[in-house]
> 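Let me begin by handing over the structure; questions about it come next.
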Amino acid sequence: MTLVEIYMVAGFLLAAYAVVSNDSIQTLGTFLASNSHRPWWVLSLFSSSILVAVLVYGWISNGGDPAYGRLEKFPMPDGGVQFIHVMAPLVLLVLTQFGVPVSTTFLVLTVFAPKNIESMLTKSAIGYVVAFLVALLLYSLVLGKLSEHFHDTKDQEPTATLVALQWASTGFLWAQWLIQDLANIFVFLPRQVELWQLLLAIFALVVMQAIMFFRMGGAIQKIVLSKTGTTDIRAATIVDLIFGVILLVFKEWNNMPMSTTWVFLGLLAGREIAMSRLLGEKTLQETWRLIFTDAGKAFLGLVVSVALAYLAVTFG
């Protein structure tokens with residue numbers, strides 16, 4: 001095995017673990033929070049079955065490309081994967097241990113094609129604003145009374161129908177997220193993946209999913225738990241459904257990857273402002289402090305991404 005091939009495999013494995021540990025909590029965080037009483041392996045089996053279905057369907061329907069065409073503007077570097085490319089998921093792993101919600105789209109993909117950062121940044125910023133406004137308006141004008149009812153009856157045992165609805169909304173969101181973010185992992189592999197490579201990738205991702213569920217989300221999960229009502233299965237279902245629809249809309253817009261982290265933080269920010277006004281559990285000042293803290297961590301990830309991209313251009 002050549003050094004380039006070692007970097008390619010190492011980069012893929014590191015990116016897979018880092019993306020699963022950091023980004024997937026956006027999608028599965030409310031699911032984990034509201035199902036923490038269930039065995040971790042049941043939750044892992046559910047998410048892994050969707051993961052396998054999305055990967056296999058993408059690989060078949062896109063001629064061997066499980067990233068759903070989102071790497072069209074991210075060609076493999078002329079000299080192959082180098083150490084500077086592997087540095088991106090390494091940095092992501094470190095930041096994840098500190099609970100920093102970094103955008104893996106910026107951190108990983110920017111190193112491969114720095115010229116695309118403006119397009120990714122524009123789409124991601126629009127995603128944040130759209131998610132923020134949608135959540136703010138929905139929870140202020142439409143879902144306010146429902147959220148108050150959830151809050152007042154939070155100790156009630158959810159019915160089997162509610163559980164089924166939440167698992168369905170989680171499955172929908174998880175599939176939409178995977179279609180967006182699989183590019184962040186498969187950027188280290190050839191743009192057309194052979195069957196044996198796909199099978200090994202599926203095995204690695206399923207194992208890493210299991211580790212994440214066993215740890216019940218890790219440090220990043222604290223961001224979800226700090227928000228109002230995320231452990232309520234009814235509230236979690238609505239959050240997942242809104243997030244999934246927003247990702248679906250942006251998926252159809254174009255194939256340029258975007259930061260799902262920014263969309264997730266925008267959604268939580270808009271919801272949190274509305275909830276603070278409705279329920280009064282947090283003051284508006286406390287809510288804004290929480291929002292700016294999350295945004296600051298995401299901005300830190302952007303700064304690190306640009307720095308790594310600069311190093312890639314300079315020494316790549």
Side-chain angles (χ1 to χ4, degrees), residues 16-56 96-97 99 101 135 143 146-147 149-182 185 202-245 247 260-261 264-265 267-268 271-272 275 279 281:
Y17 184 70
V19 170
V20 165
S21 300
N22 193 297
D23 265 20
S24 65
I25 291 303
Q26 310 159 17
T27 307
L28 299 171
T30 53
F31 179 67
L32 273 170
S34 57
N35 287 279
S36 58
H37 59 290
R38 302 185 190 280
W40 67 268
W41 59 268
V42 173
L43 307 180
S44 180
L45 184 63
F46 171 72
S47 72
S48 295
S49 63
I50 297 173
L51 168 68
V52 173
V54 170
L55 272 171
V56 172
T96 298
Q97 297 309 306
L143 300 173
L146 192 60
S147 298
H149 172 69
F150 291 165
H151 180 265
D152 294 338
T153 59
K154 58 186 176 184
D155 295 327
Q156 286 187 4
E157 191 71 22
T159 64
T161 301
L162 282 173
V163 173
L165 284 173
Q166 193 222 10
W167 285 53
S169 67
T170 297
F172 166 68
L173 170 58
W174 181 223
Q176 295 305 316
W177 180 88
L178 285 168
I179 292 171
Q180 286 280 358
D181 276 32
L182 282 173
I185 302 173
I202 288 174
F203 174 77
L205 286 167
V206 167
V207 169
M208 291 170 188
Q209 276 278 290
I211 294 173
M212 188 269 289
F213 275 99
F214 179 75
R215 297 176 61 207
M216 294 308 288
I220 298 296
Q221 179 70 352
K222 295 176 183 177
I223 292 175
V224 177
L225 295 176
S226 68
K227 304 304 185 293
T228 304
T230 51
T231 57
D232 188 301
I233 195 170
R234 299 163 298 179
T237 300
I238 294 174
V239 171
D240 288 352
L241 186 59
I242 295 172
F243 191 17
V245 171
L247 290 184
T260 52
T261 300
F264 181 62
L265 293 178
L267 174 61
L268 289 184
R271 177 183 180 272
E272 200 65 15
M275 296 292 281
L279 305 178
E281 288 191 345

> Who passes side-chain hydrogen bond (donor to acceptor under 3.5 Å, both in side chains) against Gln166, sequence neighbours left out?
Ser34, Asn35
> Hey, what do you get for CG (Leu173) to CZ (Phe243), rounding to the nearest 0.5 Å?
6.0 Å
> Are side-chain heavy atoms of Leu205 and Ile185 found at a separation under 4.5 Å?
yes
> What do the steps show when you test Leu55 against Leu178 for side chain to side chain contact (heavy atoms under 4.5 Å, CB included), and what is the final call?
CA-CA 8 Å; Leu55 272 171; Leu178 285 168; over 6 Å; no
> Output the distance between atom CG (Leu241) and atom CD1 (Ile238), rounded to the nearest 0.5 Å.
8.5 Å
> For Val163, which residues count as a side chain to side chain contact (heavy atoms under 4.5 Å, CB included) partner, sequence neighbours excluded?
Arg38, Pro158, Trp167, Ile233
> Dump the intermediate steps for side chain to side chain contact (heavy atoms under 4.5 Å, CB included) on Phe46 and Ile50, then the final yes or no.
CA-CA 7 Å; Phe46 171 72; Ile50 297 173; 3.8 Å; yes
> Quick one: pull up OG1 in Thr170 and CH2 in Trp177 and give me the separation to the nearest 0.5 Å.
14.0 Å
> Any side-chain heavy atom of Asp240 sitting closer than 4.5 Å to one from Phe172?
no
> In chain order, what residues pass the side-chain hydrogen bond (donor to acceptor under 3.5 Å, both in side chains) check against Ser47, with sequence neighbours excluded?
Gln209
> Give, for atom CG of Leu247 and atom CD1 of Ile179, the distance between the pair rounded to the nearest 0.5 Å.
10.0 Å
> Examine Phe213 together with Trp40 and report whether their ring centres are nearer than 6.0 Å.
no
> Can you confirm whether Val207 sits close enough to Phe203 that some side-chain heavy atom of one is under 4.5 Å from a side-chain heavy atom of the other?
yes
> Might you point out which heavy atoms bring Ser44 and Ala210 nearest each other, and give the distance in Å?
OG-CA, 3.4 Å
> Please round to the nearest 0.5 Å and tell me the distance separating atom CG of Leu165 and atom OG1 of Thr237.
6.5 Å
> Heavy-atom distance under 4.5 Å between the side chains of Val54 and Trp174, does that happen here?
no
